[in-house]
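For reference, the structure discussed in these notes is given below.
Both counts, for ligands and for their atoms, begin at 1 and track the order of listing.
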Amino acid sequence: MSDGGRGAKGKSRIVVTFGTRPEAIKMFPVVFALRAAGRFDVKVVVTAQHRELLDSVLALASLSPELDLDLMQPDQSLDALATRILTRFGAALDALRPDRVLVHGDTLTTMMASLACYFRRIPVGHVEAGLRSGDIYSPWPEEVNRKVTGVVADLHFAPTETAASALRAENVAADAIHVTGNTVIDALHYAQARITADPSLAPTIATLRERFAGKRIIAVTAHRRENFGKGMAQIAEALQELARRDDIAIIYPLRPNPNVGGVMRQALCGYDNIALIEPLDYLDFVAMMAASDIVLTDSGGIQEEAPSLGKPVLVMRDTTERPEGVAAGTARLVGTDARVIAEQATRLLDDRSAYLAMSRAHNPYGNGQAARRIAEIVTNMLDHG
Ligand code: UDP
């Protein structure tokens with residue numbers, strides 16, 4: 001715990017906060033870049049909205065949080081979690097008294113941490129700003145989390161030009177918006193370098209590659225709230241259909257949530273060519289995407305990562321706040337109808353030119369330099385702001 005006040009040796013103190021695995025993946029490059037800039041006293045505060053999944057990323061990046069609010073509880077309501085983040089993160093701000101806070105994306109941590117800053121007039125920089133679906137219930141509650149954060153922030157790090165123009169359309173001042181690329185590509189490059197230097201860092205996928213040698217691999221993730229119930233049942237049915245082919249294997253890391261794990265285990269156990277596995281550490285996950293031929297997902301971050309590895313992404317959602325991948329041809333929205341998912345995957349497996357068109361498309365999410373740009377912008381703000 002800090003004594004409060006200005007950071008070490010008179011450096012500006014920056015608190016970087018996050019609570020979930022995807023946020024941690026996208027923020028560790030920012031912490032690295034801010035530290036490398038040498039001008040800041042950087043403190044990491046985690047809310048631990050996810051626990052084990054977050055810890056595995058903290059370990060990968062060797063990040064030791066200054067404060068760990070440890071707010072995860074089973075089955076807590078959004079109200080209860082939001083309230084606890086607001087009060088506990090507010091207390092952390094009172095103890096640390098940062099000059100600026102950086103938040104990420106669209107979780108309850110993002111919104112409530114921003115509000116706690118606002119109540120203390122501490123400026124907020126929003127990393128991955130400007131993603132919009134246009135529907136406050138899809139994704140829910142993320143669309144409102146990010147809009148509220150956008151109202152509070154004075155620096156908006158938009159990953160793409162599309163995100164920047166969404167912010168301008170909401171009357172955010174043009175000079176507060178910076179197009180940086182997405183920091184997930186920085187994280188991906190870091191992960192690839194680590195695995196290349198030491199392949200034993202991705203042990204689960206090494207074992208599965210041996211087990212499924214000679215088969216084409218479909219990597220699957222599905223966890224979104226909107227897909228609980230009917231959507232998950234349809235996704236399971238599509239995977240059953242695909243698993244009838246003996247030239248493919250399916251690898252599916254399951255979230256601990258029973259709305260996902262329970263349904264999938266029941267529907268998909270007993271197929272030799274389907275591996276239902278525990279959530280993977282990030283390095284193993286990147287190795288899985290690299291080893292796969294197609295990625296089937298309802299995740300946000302994976303839509304951004306897979307194209308950098310040249311893997312077509314079929315997005316099992318009706319809308320996406322990441323239209324750039326669809327426009328560039330790296331991703332296709334296939335919804336959650338079992339027949340459509342199976343047909344679209346089959347088309348990619350059997351039609352080589354359709355496959356190449358998607359796998360060779362340009363990745364619109366950046367070149368791995370986003371975190372460095374963010375650190376430069378924060379430094380400029382300090383010098384001239
Ligand atoms: N991921 C991981 N292990 C897994 C599944 C996903 O490390 O078993 C990573 C993935 O590479 C991506 C992030 O977690 O960077 C995506 O998280 P998730 O799909 O949970 O959330 P979303 O992006 O939809 O918010």
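Here's the thing with Arg21: one of its N/O atoms is less than 3.5 angstrom from an N/O atom of ligand 1. For Thr221, no nitrogen or oxygen atom sits less than 3.5 Å from a nitrogen or oxygen atom of ligand 1, counting backbone and side chain alike. Among the atoms of Phe285, none of the N or O lies under 3.5 angstrom from an N or O of ligand 1. In terms of polar-atom proximity, defined here as any N/O pair under 3.5 Å, Gly300 does make such a contact with ligand 1. Taking any N or O of Gly301, backbone or side chain, at least one lies under 3.5 Å from an N or O belonging to ligand 1.
When only modelled atom types and interatomic distance are considered, Thr110 and Glu23 share a side-chain donor-acceptor pair under 3.5 Å.
If you look at Arg224 next to ligand 1, the close heavy atoms, those under 4.0 Å, all belong to the side chain. With a 4.0 Å heavy-atom cut-off, ligand 1 is reached by the backbone of Ser299 and by its side chain too.
Those atoms of ligand 1 with a heavy atom of Pro279 less than 4.0 angstrom away are 8 (O). If you number the atoms of ligand 1 from 1 as listed, the ones under 4.0 Å from a heavy atom of Tyr282 come out as 7 (O), 11 (O), 15 (O). Each of the atoms 2 (C), 3 (N), 4 (C), 7 (O), 8 (O) of ligand 1 lies under 4.0 Å from some heavy atom of Leu280.
Rounding to the nearest 0.5 Å gives a distance of 7.0 Å between OG of Ser62 and CZ of Phe32. The CG atom of Leu60 sits 8.5 Å away from atom OH of Tyr282, with the distance rounded to the nearest 0.5 Å.
In terms of protein heavy-atom proximity, atom 10 (C) of ligand 1 is nearest to Glu305 OE1, 3.4 Å. If you check which protein heavy atom lies closest to atom 9 (C) of ligand 1, you get Ile25 CD1, 3.6 Å. At the top of the distance list for atom 21 (O) of ligand 1, counting protein heavy atoms only, stands Pro22 CG, 3.4 Å.
Salt-bridge formation is not detected for the pair Glu305/Lys26: no Lys NZ or Arg NE/NH1/NH2 atom is positioned less than 4.0 Å from an Asp or Glu carboxylate oxygen. Using a cut-off of 4.0 Å between Lys/Arg side-chain N and Asp/Glu carboxylate O, Arg339 and Glu343 are scored as salt-bridged. Ionic pairing of Arg120 and Asp94 is present here: one or more N-O contacts between side-chain nitrogen and carboxylate oxygen are shorter than 4.0 angstrom. Residues Asp70 and Arg51 are paired through a salt bridge, judged by an N-O separation under 4.0 Å between the basic side chain and the carboxylate.
Judged by the shortest distance from any of its heavy atoms, Arg255 lies inside the 4.0 Å radius around the atoms of ligand 1. Note on ligand 1: Glu142 sits outside its first shell, no heavy atom being nearer than 4.0 Å.
Each of Val103 and Val151 belongs to its own hydrophobic cluster when Ile, Leu, Val, Met, Phe, Trp and Tyr are linked at side-chain heavy-atom distances under 4.5 angstrom.
A distance-only check finds a donor-acceptor pair linking the side chain of Thr330 to the backbone of Gly325 [under 3.5 Å].
Across Val42, Val45, Asp41, a single residue satisfies side-chain contact (heavy atoms from CB on, under 4.5 Å) together with Val15, and that is Val45.
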